[in-house]
Amino acid sequence: GRRLWRSGDSEYLINRETVANLAPAWTTPLTAGLSMPTPLVHDGGMFLRTVPEDVIALDAATGEEKWRHAHSPVDYNATMKMGLGLHGGRVFVPTSDLHVMALDEATGEIVWDHAIDIRAPAEPDATLGLRSAPLIVGDTVIQGVTTSFVAGGGFIVGLDLNTGAEKWRFN
């Protein structure tokens, strides 16, 4: 068997003998809508997206909500999101209004908020989106910007991990 969870002095194993004993420990209601939340679990916390633009931090052992950050995009409809990034005590969040935010992992407070500029070859009237989870590599937050059937297509930006400032862009 493999160790799944350690709590105090107890270890919980999943193997052929114990798999039949698995049962839900807790559930939490999520708002229905276009979203594919992939939870991230770290140091006893679970972080996930829900619609329209909320990020929720839960206690992974109990399901108790620790904090919720609700983003209200201006002049944008909420779009389907795939996930979040997590690194160095921060939760990295792509938004429907083309921002990437860093939230404090413990409190949900905004550390930085970067609006992605639309510039050539992307078209200003194009429907662009941030659907994928940010990827953190070294001191850079990498975020893909998607679009479909638009000349110039999407692009990728690299943002400074500490400030959110754009470091580079690849079309």
Determine, using the 4.5 Å side-chain heavy-atom cutoff (strictly less than), whether [X] and [Y] are members of one ILVMFWY cluster.
X    : Y    : value
V93  : V145 : no
V55  : M101 : yes
L103 : W112 : no
L86  : L84  : yes
L30  : W26  : yes

What is the minimum heavy-atom distance between [X] and [Y], and which atoms define it?
X    : Y    : answer
P39  : M46  : CB-CG, 3.8 Å
R90  : A102 : CD-CB, 4.1 Å
S132 : G144 : OG-N, 4.1 Å
P134 : P94  : CD-CD, 3.8 Å
F92  : L161 : CZ-CD1, 3.4 Å
D54  : H71  : OD1-N, 4.3 Å

As an exercise, state the distance from [atom1] of [X] to [atom2] of [Y], rounded to the nearest 0.5 Å.
X    : Y    : atom1 : atom2 : value
H87  : L135 : NE2   : CG    : 11.0 Å
T28  : I56  : OG1   : CD1   : 6.5 Å
L159 : I136 : CG    : CD1   : 10.0 Å
Q143 : E166 : CD    : CD    : 11.5 Å
K66  : D59  : NZ    : CG    : 6.0 Å

Open item on the list: So, using salt bridge (charged side-chain N to carboxylate O under 4.0 Å, His left out) as the criterion, who are the partners of E65 when residues are at least two apart?
Closed with: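 Salt bridge (charged side-chain N to carboxylate O under 4.0 Å, His left out) check on E65 returns R68.
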- [ ] Could you tell me whether D117 and R169 make a salt bridge, using a distance below 4.0 angstrom between a side-chain N and a carboxylate O?
- [x]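 Salt bridge: no.
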Task: Sub-4.5 Å side-chain heavy-atom contact between V157 and V100 - done: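 No; the side chains remain at least 4.5 Å from each other.
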Task: pair T146-L128: side-chain heavy atoms closer than 4.5 Å - done: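 No; the side chains remain at least 4.5 Å from each other.
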Going by distance alone, is a donor N or O of one side chain under 3.5 Å from an acceptor N or O of the other, for [X] and [Y]?
X    : Y    : result
H42  : E105 : yes
D160 : T163 : yes
E53  : T95  : no

Open item on the list: If you apply the rule side chain to side chain contact (heavy atoms under 4.5 Å, CB included), what do you find for H99 with L130, and how did you get there?
Closed with: CA-CA 8 Å; H99 286 237; L130 306 181; 5.8 Å; no
Open item on the list: Closer than 3.5 angstrom, by distance alone: can the side chain of T140 be matched with the main-chain N or O of I142 as a donor-acceptor pair?
Closed with: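 Side chain of T140 to backbone of I142, a donor-acceptor pair under 3.5 Å: no, none is there.
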Task: Short side-chain to backbone donor-acceptor contact, T147 and G154, under 3.5 Å - done: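 No; zero donor-acceptor contacts below 3.5 Å.
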Task: Derivation and outcome, side chain to side chain donor-acceptor pair (under 3.5 Å), residues T18 and N15 - done: CA-CA 5 Å; T18 63; N15 58 34; 3.3 Å; yes
TODO: Please lay out, stage by stage, how F47 and L58 fare under the test side chain to side chain contact (heavy atoms under 4.5 Å, CB included).
DONE: CA-CA 6 Å; F47 306 89; L58 304 170; over 6 Å; no
